[in-house]
Asks: 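Submitted below is the structure of interest, expressed as C-alpha cells.
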Amino acid sequence: HRFTSRGKAAPRAVASAGEARARHPPPLPGAMVCIDTSPQPAAVAVATLEAARGAWAACGPSGYVLHESAVAAQLPAIASQVPGAADSPRTREMVADFFPPAGGQQVPIFLRMLKARRGRVHFLHFWRAFGEAARLLAALRGEAAQTGAD
C-alpha cells in the first residue's frame, strides 16, 4: 500500500490482471465482436482544434483576444469551418440555427456561447463554443447514421 501524508492508505489506482479480466471478461465463443472504426477521439479533437484556429484567424484577432463584433461579422466563415457543417440537410439546418446571417432579431447561439466580456472574446471561450458546435453536429450525424435518416 502507498500512504498519504496523513498515514492513511491511498486507494489503489491499478487493478490486478485478474480483477481486470473479471470486470471485462472475454467474449463468448461465436459471439459477434464489434470493432470501432470511427476516428480516434484524439484525432477528432486535433482536427476540431485546427478548424477552430482557422476560424479564429479569419476573425482577425489580436493575440488571444478579439472584438465580439469581429466574430459576428464572420459567422458564415466560422460556420463553414465547423467539421461536418455541410454533411446533410439536418446538419446544415443546425448550423443555420447556431450561426444565422447577420441582421436577425435574436443574438446567435454561437455568440451567446462565447461569454464575451466588455465586448471582447478570448480564444479559449471561442474554442469551447466551436468545439461544442462540432460535438453537437457529430452527435447529429451519428444519430442520422444509426436511423438511416437524411
Asks: Might you point out which heavy atoms bring Ala134 and Thr48 nearest each other, and give the distance in Å?
Replies: CB-CG2, 4.0 Å
Asks: For Arg120 and Val65, which heavy atoms make the closest approach, and how far apart are they?
Replies: NH2-CG1, 3.2 Å
Asks: Indicate the ring-plane relationship of Phe99 and Phe110, choosing parallel, tilted or perpendicular according to the 30° and 60° boundaries.
Replies: tilted
Asks: Which pair of non-hydrogen atoms, one from Gly84 and one from Thr91, has the smallest distance, and what is that distance?
Replies: O-OG1, 3.4 Å
Asks: For residues Arg92 and Asp87, report the shortest heavy-atom separation together with the two atoms involved.
Replies: NH1-C, 4.2 Å
Asks: Minimum heavy-atom separation for Leu75 and Pro108, please, with both atom names.
Replies: CD1-CG, 3.6 Å
Asks: To the nearest 0.5 Å, how far apart are NZ in Lys115 and NE2 in His122?
Replies: 13.5 Å
Asks: Indicate yes or no for a side-chain donor-acceptor contact from His67 to the backbone of Ser69 under 3.5 Å, with no hydrogens or angles considered.
Replies: no
Asks: Can you check whether Val71 reaches Ile78 side chain to side chain, under 4.5 Å on heavy atoms?
Replies: yes
Asks: Is there a donor-acceptor pair closer than 3.5 Å between any side-chain N or O of Arg128 and the backbone N or O of Met113?
Replies: yes
Asks: Can you find a pair of side-chain heavy atoms, one from Leu137 and one from Met94, that are under 4.5 Å apart?
Replies: yes
Asks: How would you list all residue pairs meeting salt bridge (Lys or Arg N to Asp or Glu O under 4.0 Å) that involve residues 44-60, not counting sequence neighbours?
Replies: Glu50-Arg53
Asks: State, yes or no, whether a side-chain contact exists between Trp56 and Leu66 at a heavy-atom distance under 4.5 Å.
Replies: yes
Asks: If you count every heavy atom of other residues, nucleotides or ligands that lies below 6.0 Å from Arg112 atom CZ, does the total exceed 12?
Replies: yes
Asks: Does one hydrophobic cluster hold both Val46 and Phe126, with members joined at side-chain heavy-atom distances below 4.5 Å?
Replies: no
Asks: So which heavy atom on Ala57 is nearest to which on Pro61, and how close?
Replies: O-CD, 3.8 Å
